[in-house]
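Presented below is the structure to which this report refers.
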Amino acid sequence: MSPIKQTILVTGGCGYIGSHTVLRLLESGYKVIVVDNLSNSSFEALRRVHELYTRVAPKDESPASLTTEQLIPFYQVDVLDRSSLIKVFASHPEISAVIHFAGRKAVGESSHIPLDYYNVNISGTVNLLQVMDEFHVRKIVFSSSATVYGDPPVIPIPETSPIVASMSPYGRTKVFLEHIIKDLCTASVVKHQRYVKECEAANKSVEHNYEWSAMLLRYFNPAGAHPSGIMGEDPQGIPNNLMPFLAQVAVGNLEKLSVFGDDYPTRDGTCIRDYLHVLDLAQGHVAALAKMDTNHTAGLFGCKAYNLGTGTGCTVLDMVRAFNRAVGRELPYVITGRRAGDVPNLTADPSLANKELEWKAEKSLDEMCTDLWRWQRTHPNGYSPAQNQ
Ligand SMILES: NC(=O)c1ccc[n+]([C@@H]2O[C@H](COP(=O)([O-])OP(=O)(O)OC[C@H]3O[C@@H](n4cnc5c(N)ncnc54)[C@H](O)[C@@H]3O)[C@@H](O)[C@H]2O)c1
Ligand SMILES: O=c1ccn([C@@H]2O[C@H](COP(=O)(O)OP(=O)(O)O[C@H]3O[C@H](CO)[C@@H](O)[C@H](O)[C@H]3O)[C@@H](O)[C@H]2O)c(=O)[nH]1
């Protein structure tokens with residue numbers, strides 16, 4: 001018989017990082033429930049997770065005989081919708097932790113519609129945290145970002161680098177949310193101590209633990225797709241990010257890449273980022289959950305931030321060359337002006353995650369590019385069936 005599995009609620013689980021993480025969680029023996037409003041994704045992503053999990057699942061599970069919703073209970077719910085969230089938690093008292101991906105993430109767009117970003121990212125997260133607290137689910141893994149470091153003074157960036165009033169409303173939501181989650185963890189210690197004292201005074205046993213645990217995962221730049229080629233990033237409209245944009249150029253949906261600036265103080269003048277394979281990033285979430293469990297067993301709660309990156313920086317032109325190798329031809333690009341809000345270099349010092357989470361990004365740049373290309377060439381329109389081969 002399989003051991004009792006922990007159940008994790010994943011918000012934004014149909015999205016790019018979320019769907020790859022849902023798969024890794026299932027493969028690691030967790031049960032998963034997904035909440036997503038499908039504003040930037042489709043349910044098809046979970047069908048693909050189901051298909052891939054069926055290939056590797058233990059024999060006694062036979063997930064092929066289940067529907068996707070039986071394997072992964074799914075709720076099309078907005079994190080702003082408190083009463084629907086309450087219903088999800090009430091229906092699933094087995095939820096032991098939440099991985100919170102749901103939110104808006106386009107840096108440029110956030111400057112045009114800041115209130116939408118503050119509403120969804122901040123109000124949505126506060127809503128979720130309140131409902132979690134009500135249901136005594138006090139473990140969260142939160143999607144933060146390297147953007148919280150702004151233009152950092154030291155490269156590679158350690159977690160001790162100051163987190164700043166970042167360059168965009170999107171980035172500021174991540175900074176504020178890190179503070180909000182830290183404040184919650186701090187306040188919960190005091191609340192728990194007060195409760196323990198009350199129990200002692202009343203000669204009652206201590207039945208609850210009000211303390212929160214949070215892992216703030218500061219992602220660097222996720223790229224790539226599942227090596228099967230059936231799961232990947234499916235951005236709506238014209239992609240904002242470098243790698244999905246290049247992939248769209250490669251399939252002929254876009255004419256050429258604009259390289260935003262070649263006058264930065266870097267080796268070839270283009271910006272440096274730390275690209276990591278999305279499956280390595282997904283594994284980082286499994287490692288963070290495991291670490292929270294170990295901490296709990298040792299009586300440790302509270303909030304901790306970790307960089308998830310490789311520690312190696314690549315310029316935009318390095319990435320163009322790497323993707324050209326995967327595609328087997330040279331993709332057209334032009335150098336244009338700088339993009340507002342870009343900083344010259346965001347390269348992680350991942351040593352804390354390597355040591356404490358026992359996590360390391362394993363996959364190479366070439367694997368990221370080959371996997372991305374396998375996905376994009378077979379799915380030029382992402383999960384939308386039109387014209388896909
Ligand atoms: N992709 C990156 O480069 C990157 C880097 C750093 C941090 N992050 C963060 O990681 C998280 C996931 O990013 P991603 O790249 O997978 O994005 P994504 O857009 O693919 O996934 C986000 C998911 O959340 C859902 N969602 C959005 N608003 C929601 C709402 N109000 N209620 C419920 N669901 C909602 C979307 O439909 C989508 O499925 C985001 O919080 C993002 O800010 C991403
Ligand atoms: O069409 C493009 C798109 C991007 N770039 C450049 O490519 C680099 C990477 O850009 P992009 O892929 O947009 O990633 P970032 O701007 O680094 O932001 C991503 O990575 C951050 C963490 O580092 C996250 O916070 C953000 O959500 C996520 O979009 C930057 O120098 C861009 O100027 C181009 O030259 N042309």
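Counting starts at 1 for both ligands and their atoms, following the listed order.
Distances from ligand 1 to the non-hydrogen atoms of S39 include at least one value under 4.0 Å. A heavy-atom separation below 4.0 Å is found between D78 and ligand 1. Ligand 1 has no atom lying under 4.0 Å from any heavy atom of T11. Using a 4.0 Å heavy-atom cutoff, S144 is listed among the residues neighbouring ligand 1. In this structure, D234 falls outside the shell of residues with a heavy atom less than 4.0 angstrom from ligand 1. Residue contacts with ligand 1 do not include R218, since none of its heavy atoms lies under 4.0 Å from the ligand. A heavy-atom separation below 4.0 Å is found between V120 and ligand 1.
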Dump the pairs for me: ligand 2 N or O, protein N or O, distance under 3.5 Å, to 0.1 Å.
unit_1   : atom_1 : unit_2 : atom_2 : d
ligand 2 : 10 (O) : R339   : NH2    : 3.4
ligand 2 : 12 (O) : N241   : ND2    : 3.4
ligand 2 : 12 (O) : L242   : N      : 2.8
ligand 2 : 13 (O) : N241   : ND2    : 3.0
ligand 2 : 13 (O) : R339   : NH1    : 3.3
ligand 2 : 13 (O) : R339   : NH2    : 2.9
ligand 2 : 14 (O) : N221   : ND2    : 3.2
ligand 2 : 16 (O) : R339   : NH2    : 2.8
ligand 2 : 17 (O) : N221   : ND2    : 2.9
ligand 2 : 17 (O) : R273   : NE     : 2.8
ligand 2 : 20 (O) : N221   : ND2    : 3.3
ligand 2 : 23 (O) : N221   : OD1    : 2.9
ligand 2 : 25 (O) : S145   : OG     : 2.3
ligand 2 : 27 (O) : Y170   : OH     : 3.2
ligand 2 : 29 (O) : N241   : ND2    : 2.7
ligand 2 : 33 (O) : D342   : OD2    : 2.5
ligand 2 : 35 (O) : S258   : O      : 3.4
ligand 2 : 35 (O) : F260   : N      : 2.9
ligand 2 : 36 (N) : S258   : O      : 2.7

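By the 30° and 60° cut-offs, the orientation of the rings of F101 relative to H285 is tilted. Using the six-membered ring where Trp is involved, W373 and F323 have ring planes that are perpendicular, over 60° apart on the 30 and 60° scheme. Ring pair Y210/H208 is tilted by interplanar angle, where 30° to 60° counts as tilted.
Clustering of Ile, Leu, Val, Met, Phe, Trp and Tyr side chains at separations under 4.5 Å places V120 together with L80.
A salt bridge is defined here as a Lys NZ or Arg NE, NH1 or NH2 lying under 4.0 Å from an Asp or Glu carboxylate O, and K204 with E198 fails to meet this definition. With salt bridges taken as basic N to acidic carboxylate O contacts below 4.0 Å, none links E367 and R325. Taking 4.0 Å as the cut-off between side-chain N and carboxylate O, K304 and E356 count as a salt-bridged pair.
Which parts of ligand 1 touch L38 is read off a 4.0 Å heavy-atom cut-off, strictly below it: atoms 37 (O). Listed by number with element, the atoms of ligand 1 under 4.0 angstrom from any heavy atom of S143 are 9 (C), 10 (O), 11 (C), 41 (O). Near V77, with a cut-off below 4.0 Å to any heavy atom, the atoms of ligand 1 are 32 (N), 33 (C). Near A102, the atoms of ligand 1 lying under 4.0 angstrom from a non-hydrogen atom of the residue are 24 (O), 33 (C), 34 (N), 35 (C). Within ligand 1, counting atoms from 1 as listed, the ones closer than 4.0 Å to a heavy atom of S145 are 6 (C), 7 (C).
Contacts between K174 and ligand 1 below 4.0 angstrom, taking non-hydrogen atoms only, involve the side chain exclusively.
Between F101 and ligand 1, an N or O atom pair is found at a separation short of 3.5 Å. At least one N or O atom of K105 sits closer than 3.5 Å to an N or O atom of ligand 1. Between V79 and ligand 1, an N or O atom pair is found at a separation short of 3.5 Å.
Scanning all protein heavy atoms for the shortest distance to atom 10 (O) of ligand 1 gives Y219 CE1, 3.3 Å. The single protein non-hydrogen atom nearest to atom 20 (O) of ligand 1 is Y16 N, 2.9 Å, given as residue, atom name and distance.
The residue from I17, N121, N240, V35 that puts a heavy atom closest to atom 16 (O) of ligand 1 is I17. Closest heavy-atom approach to atom 22 (C) of ligand 1 among the candidates S19, G103, P222: G103.
The line from CD of E51 to CZ of R47 is 11.0 Å long, rounded to the nearest 0.5 Å.
Q236 CD: more than 12 foreign heavy atoms inside a 6.0 Å radius.
In this structure, R273 is not positioned above the aromatic face of F220 in the sense of NZ or CZ being under 6.0 Å from the six-membered ring centre and within 45° of the axis.
Under the side chain to side chain donor-acceptor pair (under 3.5 Å) criterion, Y16 pairs with no residue at all, not counting sequence neighbours.
Here ring pair (Phe, Tyr, Trp, His ring centres under 6.0 Å) pairs that include residues 29-52, with residues two or more places apart or in two chains, are F43-F74.
Between the R329 side chain and the A250 main chain, a donor and an acceptor come within less than 3.5 Å of each other.
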